[in-house]
There are 2 protein chains.
Amino acid sequence: MNILTQQAQFDHPCPIRNVLHRIGDQWSLLVLETLSRKTLRFNEIGREINDISKQMLSRTLKRLEQDGFITRTVFAEVPPRVEYALTDVGRSFLVPMQALVQWADANHATICESRRQY
Amino acid sequence: MNILTQQAQFDHPCPIRNVLHRIGDQWSLLVLETLSRKTLRFNEIGREINDISKQMLSRTLKRLEQDGFITRTVFAEVPPRVEYALTDVGRSFLVPMQALVQWADANHATICESRRQY
DNA sequence: CAGTATCCAATGTGATACTG
DNA sequence: CAGTATCACATTGGATACTG
């Protein structure tokens, strides 16, 4: 049992299970990547990602906000305006995340080929 | 729509969806981390991770093998011996992965606190 | 505009019995 | 030892109607 799995006995303080598995869903990384360039409104994010449902966008944003990756700012206007932006934590996450995305991009073809040959 | 989501229209050549989402499950990163130190047998990996079922270990290993992250070597012995090891692709993945794990480790407490306060 | 509520399908996970 | 088969349950995801 290694250092990362060891503590999982108690209340899963294992960062892989508690942090990475959480953002390892279908949309979190895409949302963070979309917000990395600029602050956006709810529907703007949806249009950027293009094929995410309002439902999943809503849930994903709420979880990212809960985990402290993004902020949600409501403006008292009509029609309502809500802006989402990265926090410092979210912005610092971008560094390892972009390294991962670059790796995935560079090895994408190789992995697809490996799957085909299997 | 950004460069990462743009191509997703066709057959999801988006590396986030096709590569990262796949290893974003509960066990893949833990298995890769476990194999990063040395080649191991099936049950050895299970003992290291400690609370993974044979079922999920089997499935996770198969997917990682299919994607080309690990190799599976069967020795013609009795009792049977099967060893799992990282491929070059798997080993290269370790670099961005470890950066991510370190980030998760460093920000684990902050994120948990953010969840509690929500 | 920015969501929530509801319902349903697909996938992921767990426990355990069984096999070569 | 190294798995697979089966069943059950949890979580995730998708579509869409509805609301302030």
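Lettering of chains follows the sequences in order, A, B, ..., and the numbering in each one begins at 1.
Rounded to an integer number of Å, the gap from Met56(A) CE to dT12(D) P is 8 Å. Look at CG on Asp51(A): it is 17 Å from C1' on dT16(D), rounded to the nearest Å. The distance from atom CZ of Arg22(B) to atom P of dT12(D) is 19 Å, rounded to the nearest whole Å. Put simply, CZ on Arg59(A) is 10 Å from P on dG14(D), counting in whole angstrom units. Residue Asp25(A) contributes atom CG, which lies 14 Å from atom C1' of dG14(D) at whole-angstrom precision. Here the C1' atom of nucleotide dA15(D) and the CG atom of Leu57(A) are 15 Å apart, to the nearest Å. Per the geometry, CG belonging to Asn43(A) stands 9 Å off C1' belonging to dG3(C), to the nearest Å. Remark: P of dC8(C) and CD of Gln55(A) are 14 Å apart, rounded to the nearest angstrom.
With DNA chain C read from its 5' end, the first of the two nearest nucleotides for Pro80(B) and Trp27(B) is the one closest to Trp27(B). Comparing Ser53(B) and Arg72(A) against DNA chain C, the residue whose closest nucleotide sits nearer the 5' end is Arg72(A). Residue Phe42(B) is the one, among Lys54(A) and Phe42(B), whose nearest nucleotide of DNA chain D lies closer to the 5' end (criterion: closest heavy atom).
In terms of phosphate contacts, Lys62(B) brings a side-chain nitrogen or oxygen within less than 4.0 Å of OP1 or OP2 of dT4(D). In this structure, Ser58(A) does not reach the dG3(C) phosphate: none of its side-chain N or O atoms is under 4.0 Å from OP1 or OP2. Note on Tyr84(B): every side-chain N or O is 4.0 Å or more away from OP1 and OP2 of dC1(D). Side-chain nitrogen and oxygen atoms of Arg63(B) include at least one within less than 4.0 Å of the OP1 or OP2 phosphate oxygen of dG12(C). For dA2(C), the OP1/OP2 oxygens have a side-chain nitrogen or oxygen of Arg41(A) closer than 4.0 Å.
Listed by first and then second residue, the salt bridge (charged side-chain N to carboxylate O under 4.0 Å, His left out) pairs involving residues 19-32 of chain A are Arg22(A)-Asp67(A), Asp25(A)-Arg63(A) (not counting sequence neighbours).
Phe75(A) comes within 4.0 angstrom of nothing in the nucleic acid, heavy atoms only.
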Run the numbers on Phe93(B) and Ile23(B) for side chain to side chain contact (heavy atoms under 4.5 Å, CB included), then give the verdict. CA-CA 11 Å; Phe93(B) 177 73; Ile23(B) 53 85; 4.0 Å; yes
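Inspection of the Gln98(B) and Gln102(B) side chains reveals no N or O donor paired with an N or O acceptor under 3.5 Å.
The CG atom of Leu35(A) sits 10.0 Å away from the CD atom of Glu44(A) when rounded to the nearest 0.5 Å.
Between the side chain of Gln26(B) and the base of dT11(D) there is no donor-acceptor pair of N/O atoms closer than 3.5 Å.
For dT6(D), the paired base is dA15(C) (Watson-Crick or G-U wobble, both distances below 3.5 Å). Applying the Watson-Crick and G-U wobble criteria (two distances, each under 3.5 Å), dG20(D) pairs with dC1(C).
Comment: Arg115(B) does not engage Glu113(B) in a salt bridge, judged by the lack of any side-chain N to carboxylate O separation of less than 4.0 angstrom.
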